[in-house]
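Protein chains get the first letters and strands the later ones, always in sequence-line order, with residue 1 at the start of each. Remember, it's a predicted structure, so these values are computed and weren't measured experimentally.
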Amino acid sequence: MQNITDVGHLTDDADEGEDKIGEAAKREKVHPMALAESYTRSYFEDMDKLNCVRPDISPRASGHIIEQIELVKTLLEKDYAYEVNGSVYFDVSKFRDYGRLSGRNIEEMMAGARVEVSPDKKNPVDFALWKKAEPNHIMQWPSPWGNGYPGWHLECSVMSMKYLGTTLDIHGGGLENQFPHHECEIAQSEAANGVPFVRYWLHNNMVTVDGQKMGKSLNNFITLKQAFKGEHERLNQSYDPLAVRQLILNSHYRSPLDFSDAALFAAQSGYNKITETVKAMRKEIEQVKNCELDAEVAGQLEQLKTKFETAMNDDMNTSVALSVMFDLVRLSNKLLQDGNATAQTLSAVDDLFSKLGGDVLGIIKEENLAVNVADVLHVDDVVNVVITERNEARKNKNFTKADELRAKLDEIGIVLEDTPEKTTWRMK
RNA sequence: GGCGGCGUAGCCAAGAGGCCUAAGGCGACGGUUUGCAAAACCGUUAUUCCCCGGUUCGAAUCCGGGCGCCGCCUCCA
C-alpha cells in the first residue's frame, strides 16, 4: 500500500495579481485536485518504467477526511490532544516514547529550538492534527472544530489503520522523513490504538547529484523523465529506465545514492551486458540440441542462487545480489563460447536469470529482450548514412550507383528529394 | 547550536572484530579471438579502508578526538 497525498495545503494568493499574466494564470488555473491527479499519473508512469510493481492499494488522503476526523476525536477523548481556536494539536508531553525512533528527546529539542512557535501550541514540539482553514485556503472541509484541513501526519496513520490494521510489519520511507513525520505517525497511532504501530522501519538514505543534495534551489534537479530522455545539462545521453533501476540496486538502500552521469553510464554499461547476455542465451537455446542437464553447471547455479538469497535476506543487500547477476553473465558467456552446452543446461541458466534478475531484482524484462530493430535504430540517422554515401557518388559522377541507392530506398518506401542545398527524405 | 546518516581504488559500490594479502560493476591497460573492429573470455589495476590516538593476540570494522559531505530540527508530507 502506498499513500497519495492529495490534501494540498495550497494557499490561494493569486487574488492580488492584477496584471494580464496574473489574470491569465487565474483564468487557466486548474483545480488542486486536477493538479494532484496529474502528478499522480506522472508518478505512476515513471514507476511503471522503472518496473516497480504497483501497490495493491493507493489510498488518497482526500478520500479519508471522515476517518481522519474520527481519529482526531479519539485522540481528544483519550486526552492526547487539545483544541485551540479551531485547530487541534497533539500533546507530545503525554506520549512518553516521542523521539525514540530518531533518537531525540524533547528537552534537548526545546533547548536547541530556533523556530518560531505557534502561539496556540502548549509546547513547541506539539504538532497539528487538524488545522483551521483561512478563507483563502483552497482545500478545506467541515469538522466539529469548524472548517479546516487534516494535519501533516494524520493521513498515514488513518489509512494504514484502515487497510492494514493497527500494527504494520514494515513501513518504508526516506530518512529525511524519520523526524518529525514518522515520529508523529507513531505518536498518533499508538496513542489511539495502544499497540505498536510498526515492527520494522525501512528508511532509505538520501539521493544526491554529483555529491550534492538534489534540490530545486541548487538547480541540480534531475527528474526520471529527463534521465530517460537524456534531456538535462548534466547528462550526456539518455538512460534506459532499467539501467536507472540497476544503479539504485547497485548500492544498499541505507547508503546515500549518488546520481551522476558517470554513475548512470556505468550502470547502463553493466545493464547492457546483462541484457545482451540473456538475449544471446535465448538465441542459442533455440539452435542447440536437447540433451541432459550438465550436473556441474547445475551445481554452480545452486550455489549462485544461495549466494543471492543469503544477500537479499541480509537486510536486502541488493549490491551483493546484483553481483550474482554478473557471476551468471560470466558463466553464460563461457558456456556460449564453449559451444557444447545443451538446451537443458542453457535453459537452467536462463531460468535463474529470469527468477533472480527478473522476478526479484526487476532488471530483466521480457519485452526488453525481444530484438526490435525499428525501436532501437533511429531511422533518420540510418537514412542519412545512405544519403551521404549517395551524394558522395553523385559528386564523383557515379550516377549509376547513386540511382541504385535511391531505387533501393524507394523499394522499402523511402523517397529521396534532391535540392541544390541538400537531400531530404520522406516516407512514400 | 541540537539530533541523525555518511566518508573504502580513477569513478560507482559491498564488507560491520580473524575466511580481508578488501566482493561486484564501470573505466583504463595487457593477452586470447578477429581480415580489421565490436562483443565475449583471461589477466593487471586499494599491502590498505578521511586523519590522529586508544582497546585487542588481531580493527576498514569497537572506543575517544578531529576534519569533510549530507539530512532533519520552518512551510510541506
What integer number of Å spans the [atom1] atoms of [N] and [M]?
N	M	atom1	value
B:C49	B:A23	C1'	14 Å
B:A39	B:A22	C1'	30 Å
B:A14	B:C57	C1'	28 Å
B:A13	B:U8	P	8 Å
B:G4	B:G10	P	33 Å
B:C20	B:C26	P	23 Å

Problem - Earlier contact from the 5' end, RNA chain B, for A:Thr277 and A:His153 - result: A:Thr277
Fill in the blank from the handout: Heavy-atom nearest nucleotide on RNA chain B taken for A:Ser323 and for A:Val329; more 5' hit belongs to A:Ser323
Exercise for the section: Would you please confirm or rule out a distance under 4.0 Å between OP1 or OP2 of B:C42 and any side-chain N or O of A:Lys334? Expected result: yes
Side-chain donor/acceptor pairs under 3.5 Å, residues 198-207 of chain A, sequence neighbours excluded:
from: A:Arg199; atom 1: NH1; to: A:Asp169; atom 2: OD1; distance (Å): 2.5
from: A:His203; atom 1: NE2; to: A:His182; atom 2: ND1; distance (Å): 2.8
from: A:Asn205; atom 1: ND2; to: A:Arg254; atom 2: O; distance (Å): 2.7

Practice task
Please list, chain by chain and in numerical order, all residues satisfying side-chain hydrogen bond (donor to acceptor under 3.5 Å, both in side chains) with A:Glu366, sequence neighbours excluded.
Solution key: A:Arg282
Exercise for the section: Return the value, rounded to whole Å, for the distance between atom NE2 of A:His171 and atom C1' of B:A77. Expected result: 11 Å
Donor-acceptor contacts under 3.5 Å from residues 356-364 of chain A side chains, at least two apart:
none

Salt-bridged, [X] to [Y], with N to O below 4.0 Å?
X	Y	result
A:Asp338	A:Lys334	no
A:Lys49	A:Glu45	no
A:Lys225	A:Asp46	yes

Exercise for the section: Encode nucleotides 25-38 of chain B as B, S and - characters from 5' to 3', where the letter depends on protein heavy atoms closer than 4.0 Å: B to the base, S only to sugar-phosphate, - to neither. Expected result: SSS-----------
Fill in the blank from the handout: Under a 4.0 Å heavy-atom cutoff, the residues of residues 45-55 of chain A touching RNA chain B are none
Completion exercise
Ordered by number, residues from residues 310-322 of chain A within less than 4.0 Å of RNA chain B (heavy atoms) are A:Asn317, A:Ser319, A:Val320
Handout entry: Residue of the set A:Ile285, A:Leu293, A:Val288 for which side-chain contact (heavy atoms from CB on, under 4.5 Å) holds with A:Gln344
Key = A:Leu293
Handout entry: Set of salt bridge (Lys or Arg N to Asp or Glu O under 4.0 Å) partners for A:Glu37, sequence neighbours left out
Key = A:Arg41, A:Arg60
Fill in the blank from the handout: Hits for salt bridge (Lys or Arg N to Asp or Glu O under 4.0 Å) against A:Lys283, two or more places apart or cross-chain, chain-then-number order -> none
Please table the atom pairs, donor to acceptor, closer than 3.5 Å between any side-chain atom in residues 157-164 of chain A and protein atoms at least two apart or in another chain.
from: A:Ser157; atom 1: OG; to: A:Glu185; atom 2: O; distance (Å): 3.4
from: A:Ser157; atom 1: OG; to: A:Gln188; atom 2: OE1; distance (Å): 2.8
from: A:Ser157; atom 1: OG; to: A:Ser189; atom 2: OG; distance (Å): 2.9
from: A:Ser160; atom 1: OG; to: A:Cys156; atom 2: O; distance (Å): 2.8
from: A:Ser160; atom 1: OG; to: A:Ser157; atom 2: O; distance (Å): 3.1
from: A:Lys162; atom 1: NZ; to: A:Glu67; atom 2: OE2; distance (Å): 2.5
from: A:Tyr163; atom 1: OH; to: A:His64; atom 2: NE2; distance (Å): 2.7

Handout entry: Contacts of A:Thr275 that satisfy side chain to side chain contact (heavy atoms under 4.5 Å, CB included) - sequence neighbours left out
Key = A:Tyr271, A:Lys279, A:Leu369
Practice task
Consider only side-chain N and O atoms of A:Tyr39 and A:Asp6, and report whether a donor and an acceptor are under 3.5 Å apart.
Solution key: no
Would you tabulate the nitrogen or oxygen pairs shorter than 3.5 Å linking the protein to nucleotides 17-19 of chain B?
none

Practice task
Could you tell me which residues satisfy ring-ring contact (aromatic ring centres under 6.0 Å, His included) with A:Phe353, sequence neighbours excluded, listed by chain and number?
Solution key: none
